[in-house]
Amino acid sequence: MDTPLSTIAVVGLGTMGTGIAEVLARAGHEVIGIDINDAAARQAVTALETATARAVRRGRITEDERSDALARFRTFGDLRAAAEAELVIEVVPESYEIKQQVFRDLDAIVSPTAILATGTNALSVTRLAAESLRPERVLGLHFFNPAPAMKLVEVVSSVLTAPPSVEAVTALARSLGKEPVAVGDRPGFVADGLLFGYLNQAAAMYEANYASREDIDAAMKLGCGLPMGPLALLDLIGIDTARMVLEAMYSASHDRLHAPAPILGQLGGAGLTGRKSGRGFYTYAEPGSRTVVPDALTPRDGSSAVAGRTVRSVGVAGSGTMASGIAEVFAKAGYDVLLVARSQEKADAAKGRIATSLERSVTKGRLTAGARDEALARITATDSPDAFADVDLAVEAVAEDLAVKQQLFGTLDKVCKPGAVLATTTSSLPVVAIARATSRPQDVVGMHFFNPAPAMKLVEVVRTVLTADDVHATVREVCVKVRKHPVDCGDRAGFIVNALLFPYLNNAIKMVEEHYASLDDIDAAMKLGGGYPMGPFELLDVVGLDVSLAIEKVLHSEFRDPGLAPAPLLEHLVAAGCLGRKTGRGFREHVRR
């Protein structure tokens, strides 16, 4: 069945509908824009005129191409204008009643061969199709906002959709320069299905007063390379919209991770829906503005009411990648560094790794040869724990094993001078359990660097209920001096980043287990639709499946939420020794180097 899709109707000319119309018109399609609101139709025309004029100025299209695109876009106020369309894309408000009425009306208007597509991102395509006289020609075509810029299009099939309809719109998406991914019918599909669970958990984390809105957002941007923090993204999406999507997801999954955080309902009920209202998690210069302005919750300055302790020398325990990276960070910042390993051979190897890293920085022009030599000269590599006797700050970066860390801290307690700050880089273990291996738990704090430490700007500063105020202040001051961004969080599993990242990764694995979407499509959806630097399966293979499983188990054990239980597929792969890039095979095959 050949469906040319040369004439396409777009029903609903809001931001998304207008963006889709622009993409289609510029690609050479005749576009029929339909909206019962005359003002919306006029605004859509104005938006297309503005966008195409900008494209001409930037040399992306010619003036003739602009004129042709504008001529191909016609607007109407009645659905009957869709009679000649081979494809109709509806992007009316997210309401079953409204969308079902549109589909019923279209049944009486369009050709029997026309395809009807819904732009929903939260409602059931199957339920909408069931209302149509030709359910085999109904599917989902989910563009992402802004449609002209975003490459991802989710093509959603219900159990009723005929394959030729799917093939036709998939080919259309590719012809528009988009990346179509095939998904089944469930709330949120792939990208939003993974994204909104993460956003919901971030809102709940903020609501629990675990971390500030600024620290949550900074942690996810700096720790995961995301373009926006989750709370700022909720404000952009619209808090009311996010809550509606989550409600739809929860009604289908009954997963507590999808149950909307109460704060979303409270903010929405108060009319604080984000940027569009001028206030949500943040306050904006005016409704619709992207400019955040200070409010009562904005931190006034970076200074602490408590002065930190003086730190001139730093000891780093460990010989792995993280330990050598942390030692390099401190040495480049001007600190005298003692690098202590279990053997002199391991200590020398770690210093050699630092020398290689510094040389690489010189080659890339990031560091002068003189600065390289000075940094390396500040590092003393040894196998003697007694070397910690005179350091002002001792940083532990050994194996992620509670017994091992407790034993080391017991040694530090005996060796380090009074007043020295003792920091653990644990990413998943309780800091207080490590602190209590010493006689001075008030001096112990979490200082979670991210790998590779020289490149990653984030440090999670984890204070326990026993950590002294001046110890907390000391670590924050040191982070600033070594040019890292400190974020404060309490002593609970996952801290900020891992507590939000790993449930998202786990949910991606569950999608594959359920044969809902392929690895490649899920990775593509999150990179193209969510702006993630890596897809979830790419990231899992880099992190290591064994490491990921261990963190998932810690989160599940602490929070006791069934939705956090590690996906069986992850456990099976780890049991089979498929741990990711380091073993040559994880979710994908890798070339060992």
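Keep in mind that the numbers below use all heavy atoms, side chains included, and drop hydrogens, waters and symmetry copies.
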Considering only heavy atoms from C-beta outward, does the side chain of Ile115 approach that of Val88 to under 4.5 Å?
no

Do the non-hydrogen side-chain atoms of Leu226 and Pro533 ever get within less than 4.5 Å of each other?
yes

Does this structure show an ion pair linking [X] with [Y], if we count only N-O contacts that are shorter than 4.0 Å?
X: Glu247; Y: Arg243; value: yes
X: Arg588; Y: Asp523; value: yes
X: Lys510; Y: Glu514; value: no
X: Arg74; Y: Glu84; value: yes
X: Arg66; Y: Glu49; value: no
X: Lys582; Y: Asp546; value: yes
X: Glu94; Y: Lys99; value: yes

Main-chain N/O of [Y] paired with [X] side-chain donor or acceptor, under 3.5 Å:
X: Arg137; Y: Thr113; answer: yes
X: Tyr210; Y: Cys489; answer: no
X: Asp107; Y: Leu133; answer: yes
X: Asn506; Y: Ala567; answer: yes
X: Asn37; Y: Ala40; answer: yes
X: Thr283; Y: Arg279; answer: no
X: Asn507; Y: Leu194; answer: no
X: Glu513; Y: Leu569; answer: yes
X: Glu154; Y: Ala191; answer: yes
X: Ser175; Y: Leu172; answer: yes

Check the orientation of His254 and Tyr250. Use parallel for under 30°, tilted for 30 to 60°, and perpendicular for over 60°.
perpendicular

Does Arg290 make a cation-pi contact with Tyr284, if we ask for NZ or CZ under 6.0 Å from the ring centre and within 45° of the axis?
no

Ring of Tyr516, cation from Arg186 - is the NZ or CZ under 6.0 Å from the centre and inside 45° of the axis?
yes

For Asp185 and Ser157, which I'm curious about, is there any donor-acceptor pair between the side chains at under 3.5 Å?
no

Sole residue of Tyr532, Phe196, Phe537 in ring pair (Phe, Tyr, Trp, His ring centres under 6.0 Å) with Tyr504:
Tyr532

Would the number of heavy atoms belonging to other residues, nucleotides or ligands and lying under 6.0 Å from CZ of Arg60 be above 12?
no

Take a 6.0 Å sphere around CD1 of Ile36 and say whether it holds more than 12 heavy atoms from other residues, nucleotides or ligands.
no

